[in-house]
Amino acid sequence: MASILDRFKENTVETVIDTSKKVRVGIIGTGWIADAHIVSYKNMPDVEIVAGADLVEGKAAAFFEKHGIEAKCYGSHKEMLDDESLQLDAVSVCTYNRTHAECAIYALQKGVHVMLEKPMCVTIEEAVEIMKAEKESGKVLSIGFQPRLDENMKMIKRIVDSGVLGKIYYIQTGGGRRRGIPTPFGTTFIENETAGIGALGDIGCYSLDMVLNAIGYPKPLTVSGYKSAFFGTRPDYSNYVATGHPEYAEKFAVDDFAAAFVRLEGDIILDFRIAWAMNMDTPGDTIILGTEGGLRIPSTECWNGTVGGAMKLYHEVCGQQTETEIPIIPAKGDLFDLKIRSFLDAVKNGTPAPVPSSQIIYNQAIIDGIAKSAEIGREIEVVIPEI
């Protein structure tokens, strides 16, 4: 077994951080995900946090005070980005889904590098416009998929790349929560005006990235999608009752469950499902089937982009069917820190984005395709314009 596992080992090189020049950073949107961004930026010795913007009056000021940072505060992303005295190098876009595109596009047009939180946006049309702005600006645009930096996620890709699975022809993936509609911080995740998409965008994008990145992000060709909202629209939903907000059911206007059958280039089938709420602890493990072997990736009860346990490789050795267990690899650091660090390194070194839009547009195309297919009740062709 050791010889099999040795095939997937990776050599790592320690990165030396140049602190002689600080990266001047602004934060657009100061809600709860921005907390993770600012904590990671504070951990970086080559970063100076200089500004923040939020539409809610006083929210940005309170945010920076909470984190012990002196920074200029603005009432909109445009006001902040228009202030040339800030000399911003980069921004984190931490707003709700519906405004990801406009904030990212404006920042790129202003010549500022962008760390864009997931999901990339809501529709494929928005994703195309973001990429056009990125191409015209020549700046770094990286999408916030920190699970990709987990060593176990990297192992999945190394296994596929090794060829031990042969030709990949079928993938089953997804994840979910028995009860996990994210409303502790209000209703921005569940209202159409702010979120646009629900579980599909929140955790579905992670699940898709796990397998699509592993197989080289082939282009999606067709999608037959389904989505529902049987839990979020119920006033007696347990999370609403527990937090004293049964009125949230009236505001719920996105998906809390979605599923799809996706055809990918290379004659690969993707069988996908995702849930914020369901009457099950998990919709099943992720499996990758190839002509020479199969890989089982254990799910978790509250899916958040992680591997639920030791993976198992099913293959043949000298004509005998056998299984090789792939042990869990301990974390080498905080994933959010790694996400921010990889973005900063790309900004400073002029290297490609660690999670490039050229890949994530396919992720977004599948999400958008599922939503559109579900609305019309039939399979649709995925069309991505040239950029």
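Because only heavy atoms are used, hydrogens play no part in the values below, and waters and symmetry mates are left out as well, while side chains stay in.
- Taking each heavy atom of Val307 and Ile328 in turn, the nearest pair found is CG1-CD1, 3.9 Å.
- Other residues, nucleotides and ligands contribute at most 12 non-hydrogen atoms within 6.0 Å of the CD atom of Glu250.
- At distances below 3.5 Å, not a single donor-acceptor pair connects side-chain atoms of Ser207 with backbone N or O atoms of Gly204.
- Note: the hydrophobic cluster containing Leu270 also contains Tyr226 (ILVMFWY, side chain heavy atoms under 4.5 Å, direct or indirect links).
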**Request:** Evaluate side-chain contact (heavy atoms from CB on, under 4.5 Å) for Leu81 paired with Ile28, printing each intermediate quantity in order.
**Result:** CA-CA 10 Å; Leu81 290 162; Ile28 302 173; 4.2 Å; yes
List the atom pairs, with distances to 0.1 Å, where a side-chain N or O of residues 104-113 and a protein N or O form a donor-acceptor pair under 3.5 Å, not counting sequence neighbours.
residue	atom	partner	partner atom	Å
Tyr106	OH	Asp82	OD1	2.6
Tyr106	OH	Asp82	OD2	3.2
Lys110	NZ	Asp82	OD1	3.0
His113	ND1	Val140	N	3.0

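- Checking side-chain atoms of Lys219 against main-chain N and O of Ile384 turns up no donor-acceptor pair under 3.5 Å.
- Residue Ser299 comes nearest to Gly284 through the heavy atom pair CB-O, 3.5 Å, listed as atom of the first residue, atom of the second, then distance.
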**Request:** Walk me through it: do Asp202 and Lys118 pass the test salt bridge (Lys or Arg N to Asp or Glu O under 4.0 Å)?
**Result:** CA-CA 7 Å; Asp202 182 35; Lys118 61 82 188 170; 2.8 Å; yes
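- Using modelled atom types, one side-chain atom of Asn363 and one backbone atom of Cys205 make a donor-acceptor pair closer than 3.5 Å.
- Two residues are said to be in side-chain contact when any heavy atoms from C-beta on lie closer than 4.5 Å; Asp161 and Arg158 fail this criterion.
- Annotation: Asp267, atom CG; neighbour count of heavy atoms from other residues, nucleotides and ligands within 6.0 Å does not exceed 12.
- Within 6.0 Å of CD in Glu79 there are more than 12 heavy atoms belonging to other residues, nucleotides or ligands.
- Residue-environment remark: CD (Glu84) stays at or below the threshold of 12 foreign heavy atoms within 6.0 Å.
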**Prompt:** Does the side-chain hydrogen bond (donor to acceptor under 3.5 Å, both in side chains) test come out yes or no for Asp337 and Ser40, once each step is laid out?
**Reply:** CA-CA 5 Å; Asp337 282 356; Ser40 286; 2.6 Å; yes
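- Interatomic distance, Ile340 CD1 to Leu335 CG, rounded to the nearest 0.5 Å: 12.0 Å.
- Side-chain contact between Ser92 and Tyr41 is present, with at least one heavy-atom pair separated by less than 4.5 Å.
- The CD1 atom of Ile69 sits 4.5 Å away from the CD1 atom of Ile49 when rounded to the nearest 0.5 Å.
- Looking only at distances, no side-chain donor or acceptor of Asp255 sits under 3.5 Å from a matching main-chain atom of Lys227.
- Here the shortest heavy-atom pairing between Pro235 and Pro246 reads O-CB, 3.5 Å.
- The structure places CZ of Arg98 at 11.5 Å from CD of Glu191, a figure rounded to the nearest 0.5 Å.
- Counting all heavy atoms, side chain and backbone alike, Pro298 lies closest to Asp285 at CA-OD1, 3.5 Å.
- Distance alone, capped at 3.5 Å, is enough to place a donor-acceptor pair between the Ser373 side chain and the Arg378 backbone.
- Using modelled atom types, one side-chain atom of Gln364 and one backbone atom of Cys121 make a donor-acceptor pair closer than 3.5 Å.
- Residues passing the ring pair (Phe, Tyr, Trp, His ring centres under 6.0 Å) test with His37 are Phe336, sequence neighbours excluded.
- Of the inter-residue distances, the one linking Leu200 atom CG with Ile274 atom CD1 reads 8.0 Å to the nearest 0.5 angstrom.
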**Request:** Go through Met210 and Thr286 one step at a time and tell me if the side-chain contact (heavy atoms from CB on, under 4.5 Å) criterion holds.
**Result:** CA-CA 10 Å; Met210 175 173 68; Thr286 290; 3.3 Å; yes
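- With His100 contributing its side chain and Leu116 its backbone, the two residues share no donor-acceptor pair below 3.5 Å.
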**Message:** What verdict does the side-chain contact (heavy atoms from CB on, under 4.5 Å) test give for Ile387 and Glu134, after you've listed the backbone C-alpha separation in whole Å, the side-chain angles of each residue and the deciding distance to 0.1 Å?
**Reply:** CA-CA 10 Å; Ile387 299 169; Glu134 175 193 14; over 6 Å; no
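- Note: the hydrophobic cluster containing Tyr362 does not contain Leu221 (ILVMFWY, side chain heavy atoms under 4.5 Å, direct or indirect links).
- Tyr240 and Met278 fall into different hydrophobic clusters, defined by Ile, Leu, Val, Met, Phe, Trp and Tyr side-chain heavy atoms under 4.5 Å apart, directly or through other members.
- Using a 4.5 Å heavy-atom threshold, the side chains of His77 and Val93 count as separate.
- Gln359 has its side chain within reach of Arg148: a pair of non-hydrogen atoms, C-beta onward, lies under 4.5 Å apart.
- You'll find the side chain of Ile181 stays beyond 4.5 Å of the side chain of Tyr248, heavy atoms only.
- Remark: the backbone N or O of Thr19 is not paired with any side-chain donor or acceptor of Asp46 at under 3.5 angstrom.
- Contact check for Val262 versus Val223: side-chain heavy atoms found under the 4.5 Å cut-off.
- Put simply, Phe230 and Val241 are part of two different groups of oily side chains (I, L, V, M, F, W, Y) that touch within less than 4.5 Å, one to the next.
- Summarising the geometry of Thr233 relative to Ala229, their closest heavy-atom pair is OG1-O, 2.7 Å, with the distance given to 0.1 Å.
- Between the side chain of Glu126 and the backbone N or O of Thr123, at least one donor-acceptor pair lies under 3.5 Å.
- Checked by atom type and distance alone, the side chain of Lys167 pairs as donor or acceptor with a backbone atom of Gly266 at under 3.5 Å.
- Closest non-hydrogen pair, Asp54 versus Gly31, comes out as OD2-N, 4.2 Å.
- Counting heavy atoms from C-beta outward, Val50 and Leu88 have side chains that approach closer than 4.5 Å.
- Rounding to the nearest 0.5 Å gives a distance of 4.5 Å between NZ of Lys72 and CG of Asp83.
- Note: the hydrophobic cluster containing Val383 does not contain Tyr217 (ILVMFWY, side chain heavy atoms under 4.5 Å, direct or indirect links).
- Within a 6.0 Å sphere centred on CZ of Arg263, heavy atoms belonging to other residues, nucleotides or ligands number 12 at most.
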**Request:** Apply side-chain contact (heavy atoms from CB on, under 4.5 Å) to the pair Lys135 and Lys132, showing each step before the final yes or no.
**Result:** CA-CA 5 Å; Lys135 184 177 181 180; Lys132 286 180 179 177; 5.8 Å; no
**Message:** Is there a salt bridge (Lys or Arg N to Asp or Glu O under 4.0 Å) between Lys339 and Glu117? Walk through the geometry before answering.
**Reply:** CA-CA 11 Å; Lys339 173 172 80 172; Glu117 253 308 324; 2.5 Å; yes
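- To the nearest 0.5 Å, atoms CD1 (Ile159) and CD1 (Ile297) are separated by 7.5 Å.
- Residue Lys59 qualifies as enclosed at atom NZ: its count of foreign heavy atoms under 6.0 Å is above 12.
- Atom CZ of Arg296 is surrounded by 12 or fewer heavy atoms from other residues, nucleotides or ligands within 6.0 Å.
- Dense packing is recorded around NZ of Lys372, with more than 12 heavy atoms of other residues, nucleotides or ligands lying under 6.0 Å away.
- Here the side chains of His67 and Asp35 are in contact, with some heavy-atom distance below 4.5 Å.
- Screening residues 255-280 for ring-ring contact (aromatic ring centres under 6.0 Å, His included) gives no qualifying pairs among residues at least two apart or on separate chains.
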